[in-house]
Amino acid sequence: MINILFFARLREEAGQESLHVEKAGCTIKELKEWLDKEYRLSGLNRTMTAVNEEFTTDDTKVTEGDTIAFIPPVSGG
Amino acid sequence: MINILFFARLREEAGQESLHVEKAGCTIKELKEWLDKEYRLSGLNRTMTAVNEEFTTDDTKVTEGDTIAFIPPVSGG
Amino acid sequence: MTMALFEITNQPISADDTAAKVKRPEAGAVVTFAGTVREWTNGRRTRKLQYAAYESMAVRQLEKIGREVQDRWPDTQAAVTHRVGELHITDTAVVIAVSSPHRRAAYEANEYMIERIKELVPIWKKEFYEDGTAWVGDQLGTTAYSKGGPKPHD
Amino acid sequence: MTMALFEITNQPISADDTAAKVKRPEAGAVVTFAGTVREWTNGRRTRKLQYAAYESMAVRQLEKIGREVQDRWPDTQAAVTHRVGELHITDTAVVIAVSSPHRRAAYEANEYMIERIKELVPIWKKEFYEDGTAWVGDQLGTTAYSKGGPKPHD
């Protein structure tokens, strides 16, 4: 199981804060494609991704127990 | 009569905050020379001078009723 | 407010409180930046804002920016408090405080931090206009990241 | 504290109080500078400080610097509070607050103001060291003015 977190616009689109899914072994890219198909989440190509609170790239493979967060363009400050 | 104000080190050297003297018509330069002689104030050549709260130069003539302040190098902030 | 140098809070924040965390006998200068809620942006009126954060990661990123600052300006000490939740016009959303023996470094490090925060820290602002809402920075066609936003593993 | 934008006081001063005077709906940024009493300067330990001012002229000069800032950065609003009297280590001697719609101008104007204050405003600092006292800037041989200090009628 992996834990997926949504924020900002993505959270509103997904209608939920998080998902627990059996997707260990996927790359971030595959995960994005799957979310696009299953949840019709738009603009995932424009989000950064963090694995366990560190930014990472699309070719990273996710591991059992990881927390994956999709980070839309930030606007703090 | 003119009003002369001393600050910081000059105030300590003069032993007073202000002087009222009959010196209208003098230039600032003459005033400094006179103070140097009469009050043994050191370093007047290193002070700025303000007349009525505006910085001015040594060749300015003081007028009856003016307030002359000797401004040692400032160190606020 | 806690004594943590980097924190996210849903309470009102103060420049003095954040500055107090970095004051020290060696410092002669404390520069603070307060980001406040502006009423007008590009001719559009904001009624209020909602700030949301990925809180644990945001604190981690702020700490990382703090380490960058210590590397670049070794004598400085920095603290950041970012508020989340509903904010109104003139409310303070973020305070950055940097102390330093001499002022130049405090100004420089402070400005560096706000730039980095706007790039790297997972906090989002939702604008409530008179005629709609928008998550700032996330409009199609104005993708911040395509213009060289944060790089992974930065 | 009064509501005057430029003031000299013998009471403790606060970044928040001075910043409050310049907050406004058009401003998205408030940069404050706090000058604090440092314990060590050039290897010499300060026990305490005494600040003295030619108060009426100091306020006038601060107002003049405020007008310079409005000329150079028209969208900014500035306020300065300078404390006089006896101050101890880490006490705040001066707070400069500048608000602006966008942050760059607030940083620039703020730094400009502290430079100008150090040149032009008749305020003096007396250091009380462990082994003596000195009016800062007025030591023979280290004349600030010979190195291009304030010019008359500036």
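Order of the sequence lines fixes the chain letters, A, B, ..., with proteins taken first and strands second; residue numbering starts at 1 for each chain.
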Given heavy-atom pairs under 4.5 angstrom as the criterion, report whether the side chain, backbone, both or neither of C/A19 touches chain D. neither
Atom group of C/V37 that falls short of 4.5 Å from chain D, counting heavy atoms: backbone
Can you see which heavy atom on [X] is nearest to which on [Y], and at what distance?
X	Y	answer
D/P25	C/T90	N-CG2, 3.8 Å
D/D16	C/A15	OD1-N, 2.9 Å
C/V30	D/T36	CG2-CG2, 4.2 Å

Top of C/T32, C/V31, C/N110, C/T41 for chain D proximity - count of heavy-atom pairs under 4.5 angstrom: C/T32
Among C/I114, C/I89, C/I96, residue most engaged with chain D (heavy-atom pairs, under 4.5 Å): C/I114
Selection from [options] maximising heavy-atom pairs under 4.5 Å formed with chain C:
options	answer
D/A106, D/A97, D/A27, D/S99	D/A27
D/S14, D/G28, D/A29	D/G28
D/R24, D/E26, D/R38, D/K23	D/R38

Salt bridge present between C/E111 and D/R104 (N-O < 4.0 angstrom): yes
